[in-house]
Amino acid sequence: MSWSILKLLRENPDELKKHVKKRFMDEGIVDEALKLDLEWRKLLSEIQELRHKHNVISREISRLQGAEREEKIKEAKELLSLLEEYEKKLNELEAKREEALLKLPNIVHDSVPVGPDDSYNLPIRFYGRPRVWTGYLDQFRQQTERYGFKVEYELIDWKPVGHADMLELVLGMGNTVKAGEVAGSRFYYLFNDIVFLDMALLAYAIDHLTSKGYTLVLPPYMLRFKYIQGVIDYATFKDAIYKIEGEDLYLIATAEHSLAALHADEEIPEEMLPLKYVGVSPCFRKEAGAGNRDLKGIFRVHQFHKVEQFIFAKPEESWDLMEELISNAEELFKGLNLPYRVVNIASGDLGAPAAKKYDLETWMPAQGLYREMVSCSNVTDWQAYRLKIRLIRRKGMIRELVHTLNSTAIASTRTITSILENYQEPDGVVVIPKALRKYLEPFNKAPKDAIHPVKREKSS
RNA sequence: GCCGGGGUCGCCUAGCCUGGUAGGGCGCCGGCCUGCUAAGCCGGUGGGGGAAACCCCGCGCGGGUUCAAAUCCCGCCCCCGGCGCCA
């Protein structure tokens with residue numbers, strides 16, 4: 001099993017450094033990993049030689065009798081005490097090497113824009129006709145024309161109410177204050193129409209993707225450390241992952257995690273690939289690194305529902321399949337008629353697992369910004385190495401690591417915020433996207449055409 | 001949670017009591033043979049180190065006993081059956 005990153009580390013460390021440098025990470029991690037790998041291999045060879053000697057003697061003993069036998073047993077014992085020393089050193093070295101290897105990020109694909117942060121993210125296409133409030137026209141242009149795109153828009157002279165105020169004040173269908181008391185900030189209670197909307201969004205995404213042949217999965221919401229470590233890097237682990245006290249269990253931050261683990265330690269015949277899944281699960285995130293960003297409302301929260309696409313692929317197919325994933329997500333947002341752009345994420349803003357990442361960002365009329373709704377990554381063999389997910393080539397029975405890819409289909413609360421802003425009328429009514437009506441139909445009390453502002457009996 | 005049975009190469013299985021290089025079947029890969037096909041025959045079929053020869057490791061995971069552990073001992077995980085509890 002040959003991990004592309006380890007191969008590159010050994011054969012061309014300078015090339016690997018270039019990739020690390022593109023991410024604006026410390027190249028020292030490459031030197032460190034290389035050094036430890038070399039030391040480990042050297043010591044391993046020495047130990048294997050000693051073990052060999054011991055094995056030879058041990059086999060002799062079984063054929064010997066009397067004094068000769070006693071002599072050999074003594075010799076074997078001496079070898080063992082030497083080995084014990086060496087092996088202790090090896091174990092230490094091995095742990096350090098492992099740690100160093102797990103720190104290595106994926107390579108950066110050639111098509112990824114190079115830059116230290118999200119300001120270098122590159123929009124590659126736009127869809128829809130955003131509603132732009134006159135006050136935001138300049139910044140709208142900044143987010144479109146600066147990149148050479150001429151995006152048609154509808155100019156409006158009223159400023160839409162932000163999603164957070166829409167939810168709690170205008171519609172009266174959410175309560176983050178009470179949730180803050182009982183659970184903390186970034187939690188929420190949602191009521192009635194918004195809950196139906198949440199469910200309808202999930203059903204819409206599930207329906208769309210299963211129709212395309214994706215296998216529907218309800219996965220575990222918790223995983224053991226071994227598998228969590230297999231799917232994310234340390235930074236994500238620290239910022240996002242909740243632990244169950246007293247148990248080796250961690251709450252997933254996305255169904256991606258459980259879906260990746262679905263084939264851990266397995267060999268997949270190449271003719272079975274690609275394996276396409278659509279998972280639905282709650283997502284739990286600490287948002288530890290978020291500071292005060294998006295503190296209001298339900299845009300950035302500790303728990304939400306998400307429909308997630310996940311593919312296990314042959315390496316030669318993964319880049320085409322990444323395009324399939326993002327276009328699936330685009331179909332969903334086109335269906336909702338939410339104006340969006342697709343952004344090629346800059347090298348410095350990529351997570352360690354991803355070789356390339358697209359975000360789908362919808363226009364948020366009340367913020368005057370395109371905001372992330374979908375994240376779509378080709379992780380190549382980064383997760384497969386950690387989880388030991390291999391494919392078998394029929395020709396020659398060769399085993400190699402699969403590529404894994406993941407993409408949001410719909411994240412419920414975030415998409416709701418987008419709907420609250422984009423489908424908002426001046427009178428506070430929120431029109432329901434036509435594509436969702438079908439999924440609201442089965443419920444008597446679910447809204448079908450629009451969500452109406454709360455009636456305030458004593459208001460002026 | 002308790003009692004019992006189990007976890008061996010991609011899959012199935014032998015070996016465990018009685019410690020001494022893990023055997024067989026299926027599948028798959030490569031080859032031979034056969035006018036085609038089937039059958040048959042031979043070899044291969046886990047991970048790692050090494051330029052190679054070759055060597056090391058590997059029987060759910062982790063420890064222990066031993067010159068030597070799939071095999072004996074301890075802890076943990078998972079599966080099956082029974083009992084209990086419970087949505």
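Bear in mind that the values here come from a model prediction, so they are computed numbers and not experimental data. Quick note on labels: first sequence line is chain A, next is B, and so on, each numbered from 1.
Comment: Arg437(A) engages Asp449(A) in a salt bridge, judged by a side-chain N to carboxylate O separation of less than 4.0 angstrom.
At C61(B), none of the side-chain N or O atoms of Lys226(A) fall inside 4.0 Å of OP1 or OP2 (strictly under the cut-off).
Using N1 to N3 plus N6-O4 or O6-N4 for Watson-Crick, or N1-O2 and O6-N3 for G-U wobble, each under 3.5 Å, U45(B) pairs with G27(B). Remark: A52(B) base-pairs with no nucleotide in the shown strands. Criterion, Watson-Crick or G-U wobble with two distances under 3.5 Å.
Among the heavy atoms of the strands lying under 4.0 Å from Leu80(A) are primed sugar atoms or P, OP1, OP2 only; no base atom is included. As judged by a 4.0 angstrom heavy-atom cut-off over every strand, Lys74(A) is placed among residues making no nucleic acid contact.
Residues Arg394(A) and Leu6(A) both approach RNA chain B. Their nearest nucleotides, taken by heavy-atom distance, put Arg394(A) toward the 5′ side. Ranked by how close their nearest RNA chain B nucleotide is to the 5' end, Arg97(A) and Lys77(A) are led by Arg97(A).
Nearest nucleotide to the Arg390(A) side chain, out of C28(B), C67(B), G47(B): G47(B).
Taking every heavy atom of residues 36-62 of chain A and every atom of RNA chain B, pairs under 4.0 Å involve Trp40(A), Arg41(A), Leu44(A), Ser45(A), Gln48(A), Arg51(A), His52(A), His54(A), Asn55(A), Ser58(A), Ile61(A), Ser62(A), by number.
Between Phe196(A) and Phe443(A), the gap from one ring centroid to the other is short of 6.0 Å. Separation of the Phe237(A) and Tyr250(A) ring centroids falls under the 6.0 Å cut-off.
On the C1' atoms, C28(B) is 28 Å away from G35(B), given to the nearest whole Å. Nucleotides U45(B) and G23(B) are separated by 12 Å at their P atoms, to the nearest Å.
With hydrogens and angles ignored, a donor-acceptor pair closer than 3.5 Å exists between the side chain of Arg69(A) and the base of G20(B).
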Detail all sub-3.5 Å separations between protein N/O atoms and N/O atoms belonging to nucleotides 75-79 of chain B.
{"unit_1": "C77(B)", "atom_1": "O3'", "unit_2": "Arg224(A)", "atom_2": "NH2", "d": "3.2"}
{"unit_1": "C77(B)", "atom_1": "O2'", "unit_2": "Arg224(A)", "atom_2": "NH2", "d": "3.3"}

Write down the protein N/O and nucleotide N/O pairs, taken from nucleotides 7-9 of chain B, whose separation is under 3.5 Å; answer none if there are no such pairs.
none

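Taking the six-membered ring where tryptophan is involved, the planes of Tyr277(A) and His263(A) are tilted, since the angle between them lies from 30° to 60°.
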